[in-house]
Novice: 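The structure's right below; bear with me while I get my questions together.
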Amino acid sequence: MSAPQAGITPTGRASARPDDAVTPLINDHREAKDLFKQYEAAKGDNRKKQAIYRKIAAELRIHMRIEEEIFYPASRKFVGDEGMVNEAEVEHASAKDLMDQLDGLEPSDPYFDAKVTVLSEMIDHHVEEEETEYFPECRRSTMDLKAIGEQMKTRKAELKAAH
Ligand SMILES: [Fe+2]
Ligand SMILES: [Fe+2]
């Protein structure tokens, strides 16, 4: 029987315990989920909805950028199926396309809520794949997740400062 693996739950989901590159990504996912819930609760209050949506878009864009610039390229060679990485990139592109559409709409627009809901569902699906397939596979590999984590931390601070 193999020993339990640090940072992977018995169900195979990546957990937020060890100090590595995966943990801050999981924390971002939780924050995004929380913001989508706040958006749901703000129904009818257009000013509040706009403010929460802007926060969601800003956070997601930074998160996707550090994954695309650092985590995805660094992990590509360590995962069995590069198609999984390509799929993740395509999902990011779809989410960004939807955010570009939302950026040009007022929250009073009849399609604003629909687009935020679809964005939330897309992100849910994407996060599920990252946390149950992609990230656990990275943690099982010989990838230097600590070094990658440091790079991502620096880049995130730069992107936040520029925002
Ligand atoms: Fe992610
Ligand atoms: Fe992602």
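Both ligands and their constituent atoms are indexed starting at 1 by order of listing.
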Novice: Using the test side chain to side chain contact (heavy atoms under 4.5 Å, CB included), find all partners of Ser94 that sit at least two apart in sequence or belong to another chain.
Specialist: Met122
Novice: Closer than 2.8 Å to the Fe ion (ligand 2): how many protein N, O or S atoms are there?
Specialist: 5
Novice: Who pairs with Gln101 by side chain to side chain donor-acceptor pair (under 3.5 Å), at least two apart in sequence or on another chain?
Specialist: Asp97, Lys115
Novice: Are Glu69 and Met152 side-chain neighbours, meaning at least one heavy-atom pair lies under 4.5 Å?
Specialist: no
Novice: Taking only Lys NZ, Arg NE, NH1 and NH2, and the carboxylate oxygens of Asp or Glu, determine whether Arg65 and Glu158 approach each other closer than 4.0 Å.
Specialist: no
Novice: Within this structure, what is the CZ-CG distance for the pair Phe135 and Asp20, rounded to the nearest 0.5 Å?
Specialist: 10.0 Å
Novice: Go through the structure and list residues passing ring pair (Phe, Tyr, Trp, His ring centres under 6.0 Å) with His126, not counting sequence neighbours.
Specialist: His92
